[in-house]
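See below for the structure under consideration.
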Amino acid sequence: MVSQPAKLPRKPNLILFLPDQQRADTLACYKGKKVHAPNLNKLASESVVFERTYVTHPVCTPSRSSLMTGTWPHINGCNRNSVPLDRRFRVFPELMEDKDYHTAYMGKWHLGEEGPAGRGFQEWISTEHQGDYTNFLISTGVTPDKQNGRFSELAVSNLPLELSRPKFLEKHACEFIEKHQRGPFILVVGFVEPHSPYNGPFNDEHPLSEIDLDVTATLPESENIPLRYRLMREWQQAEAIMDRQRLPTQLFFGVTPEEYRSIKQRYLGLVTLVDQSIGAILKSLERCGLTDDTIVVHTSDHGDSLGAHHLFGKEVMFEEAARVPLLIRLPAQRHGEVISQAVGHIDFVPTLLDLLGQPSHPQCAGKSLLPILNEEEATLESIFIEWAPNRTKIKKGTSLAPRRMIKRAVDESTRAVVSADGWKLCLRDKDLNELYNLKDDPLETRNLYSERQYASVISRFADEIHRWQEANHDKLRL
């Protein structure tokens, strides 16, 4: 009798869920126990949960550039929104030596109008302004509300569940899994939600009485924060007052606790919307018998202040904007595990390559988190975050500061460090510096930078930032 050859181990598939603007505390494992996200909560219960994950740069395009290339925004040139990613920088499927994978990117790209097709991804299902999702809506009889044949974000947010973007991406992702179930494959699903406008089919999913505001949304407004943040706050509040007249409800900003609560209620409804589609995609994986052969990763490009510090959106170094969820479920993993040490998105691409059995690539600035996943001894390291001038809108006639100071603040750049022992230092070239003790003051209510007794702490971490700058070819003068 001829013996059968041994079955070769199957190469793992990879699914990456990448919602836009999802705060860490929207999941039960990050204390978001009231949020209706059963599928993500189940995924977290079977995953390695990184408790403190920081983005490289808290706004869409720069953060996504790091998530795709493993490089810092100040290196790859995507240091503000809507800058196309230079083709000299390869995205992670292009960094793999193994070319057997079928690769697809579905959803929000935000790294240039050409999209990810031909950049390591063989397929792209677009949700950009003109593309697959727009064509789908038109094919169902929905008429574009803009003269250029596009749909506004407000119009999309008013669509019923079956026409929503997550449902559209869910359908294409499930079809991709079924078509390529013999594998191996890499699938990125980039949801636009829960990004504003805060509006969708599950606006009333969470009772208002169960919506908890951030503590700093209820405290008096702090003045001991960067002028740029105060200018943002003033402009957002002015917009919120005008929105009361021009919109049916507050879809972007608020002023009162009642408006904060209503906005957060609808934001959490968008999290539920994304959660339902993630659940359906994971069910498709299960139906095809691929759960034990697939790595599943979930993270976001940045968080959302949602009224914390009386701010909305991102673009600040506060925890609500700079911290995101990071879940990694390994093949056949059934039990959750929590990693409490802080990690950064600069290590994201090296980790994906390592998980897929690929060697590290010299393009990447970070290193794999696999030793931490495998519970090998890992040194506790500081995490770095950067900020470059983006677009800061100013309230007309503002009297917060003289025009010269305002111009400087709007053009400020930041380099921040989060230390292993819980300090956060933010150094700026043209605005107020900040120091927070996250262990004693996790809500960042007390900026300690100007207090003399912390001079040695500031000196220690300023040196760390300068060493990081030198090692990463960052020429910003702080």
Side-chain angles (χ1 to χ4, degrees), residues 19-41 55 58-60 153-154 156-158 161 164 166 191-222 229 232-233 235-244 247-276 278 300-316 318-325 442-445:
D20 193 342
Q21 205 156 305
Q22 185 182 6
R23 276 171 57 145
D25 64 2
T26 51
L27 300 181
C29 58
Y30 298 104
K31 301 181 180 177
K33 296 190 185 300
K34 293 182 182 178
V35 183
H36 300 177
N39 298 296
L40 279 168
N41 288 338
V55 301
V59 75
C60 302
E153 286 298 308
L154 187 55
V156 169
S157 76
N158 281 318
L161 174 62
S164 68
F191 298 99
V192 177
E193 294 78 8
H195 193 290
S196 57
Y198 306 113
N199 185 46
F202 294 127
N203 284 344
D204 300 318
E205 173 73 14
H206 300 78
L208 264 178
S209 59
E210 293 184 9
I211 304 299
D212 297 323
L213 294 183
D214 290 275
V215 172
T216 55
T218 65
L219 296 175
E221 295 177 358
S222 172
Y229 294 9
M232 283 174 58
R233 185 174 68 194
W235 178 80
Q236 289 178 356
Q237 290 175 351
E239 287 291 299
I241 291 167
M242 288 190 286
D243 284 349
R244 290 172 185 166
L247 292 174
T249 188
Q250 302 298 88
L251 300 177
F252 301 95
F253 314 112
V255 178
T256 66
E258 292 75 24
E259 288 172 342
Y260 288 3
R261 187 169 275 107
S262 175
I263 285 172
K264 192 168 183 180
Q265 176 194 35
R266 285 176 272 120
Y267 172 87
L268 296 182
L270 293 173
V271 173
T272 301
L273 178 65
V274 169
D275 179 81
Q276 285 198 0
I278 286 175
S300 185
D301 54 352
H302 49 75
D304 190 324
S305 295
L306 285 178
H309 306 279
H310 300 278
L311 291 164
F312 286 85
K314 51 278 184 183
E315 305 184 20
V316 294
F318 290 130
E319 296 284 288
E320 295 82 6
R323 265 186 64 205
V324 289
L443 303 179
E444 297 166 294
T445 62

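We're numbering straight along the sequence, starting at 1. All values below were derived from every heavy atom in this structure, side-chain atoms included, with hydrogens, water molecules and symmetry-related copies excluded.
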Exercise. Any chance you could lay out the side-chain contact (heavy atoms from CB on, under 4.5 Å) test for T218 and Y260, step after step, and finish with the verdict?
Key: CA-CA 10 Å; T218 65; Y260 288 3; over 6 Å; no

Judged by atom type as modelled, is there a donor-acceptor pair below 3.5 Å linking the side chain of [X] to the main-chain atoms of [Y]?
X    : Y    : result
E153 : P197 : no
D275 : L40  : yes
H310 : L219 : yes
D304 : E320 : no
E210 : K34  : no

Calculate, to the nearest 0.5 Å, the distance between atoms [atom1] and [atom2] belonging to [X] and [Y] respectively.
X    : Y    : atom1 : atom2 : result
F312 : Q21  : CZ    : CD    : 11.5 Å
N41  : C29  : CG    : SG    : 7.0 Å
Y267 : E193 : OH    : CD    : 11.5 Å
S196 : F253 : OG    : CZ    : 7.0 Å
Y30  : R323 : OH    : CZ    : 7.5 Å
L247 : E239 : CG    : CD    : 9.5 Å

Quiz prompt | Residue among E258, E259, R266 satisfying side-chain hydrogen bond (donor to acceptor under 3.5 Å, both in side chains) with S262 | solution = R266

Looking only at non-hydrogen atoms, find the nearest pair between [X] and [Y] and report the distance.
X    : Y    : result
R261 : I211 : NE-O, 3.1 Å
H206 : T272 : CE1-OG1, 3.1 Å
G313 : A321 : O-CB, 4.3 Å
S300 : D20  : OG-C, 3.9 Å
G200 : L270 : CA-CD2, 4.1 Å
L213 : P257 : CD1-O, 3.8 Å

Using a 4.5 Å cut-off on heavy atoms from C-beta on, say whether the side chain of [Y] contacts that of [X].
X    : Y    : answer
T445 : H309 : no
F318 : S305 : no
Q22  : P325 : yes
I263 : L306 : yes
F191 : L273 : no
C60  : H302 : yes
D301 : K314 : no
H36  : L268 : no

Quiz item: Is there a side-chain contact (heavy atoms from CB on, under 4.5 Å) between N199 and N158 once you walk through the steps?
Solution: CA-CA 7 Å; N199 185 46; N158 281 318; 2.9 Å; yes

Quiz prompt | D212/K31 ion pair, N-O < 4.0 Å | solution = no

Quiz item: For R233, what residues pass the salt bridge (charged side-chain N to carboxylate O under 4.0 Å, His left out) criterion, not counting sequence neighbours?
Solution: E221, E223

Exercise. Mind running side-chain contact (heavy atoms from CB on, under 4.5 Å) on L27 and V35 for me, showing each step along the way?
Key: CA-CA 7 Å; L27 300 181; V35 183; over 6 Å; no

Quiz item: Run the side-chain contact (heavy atoms from CB on, under 4.5 Å) check on R23 and V271 step by step: do they pass?
Solution: CA-CA 10 Å; R23 276 171 57 145; V271 173; over 6 Å; no

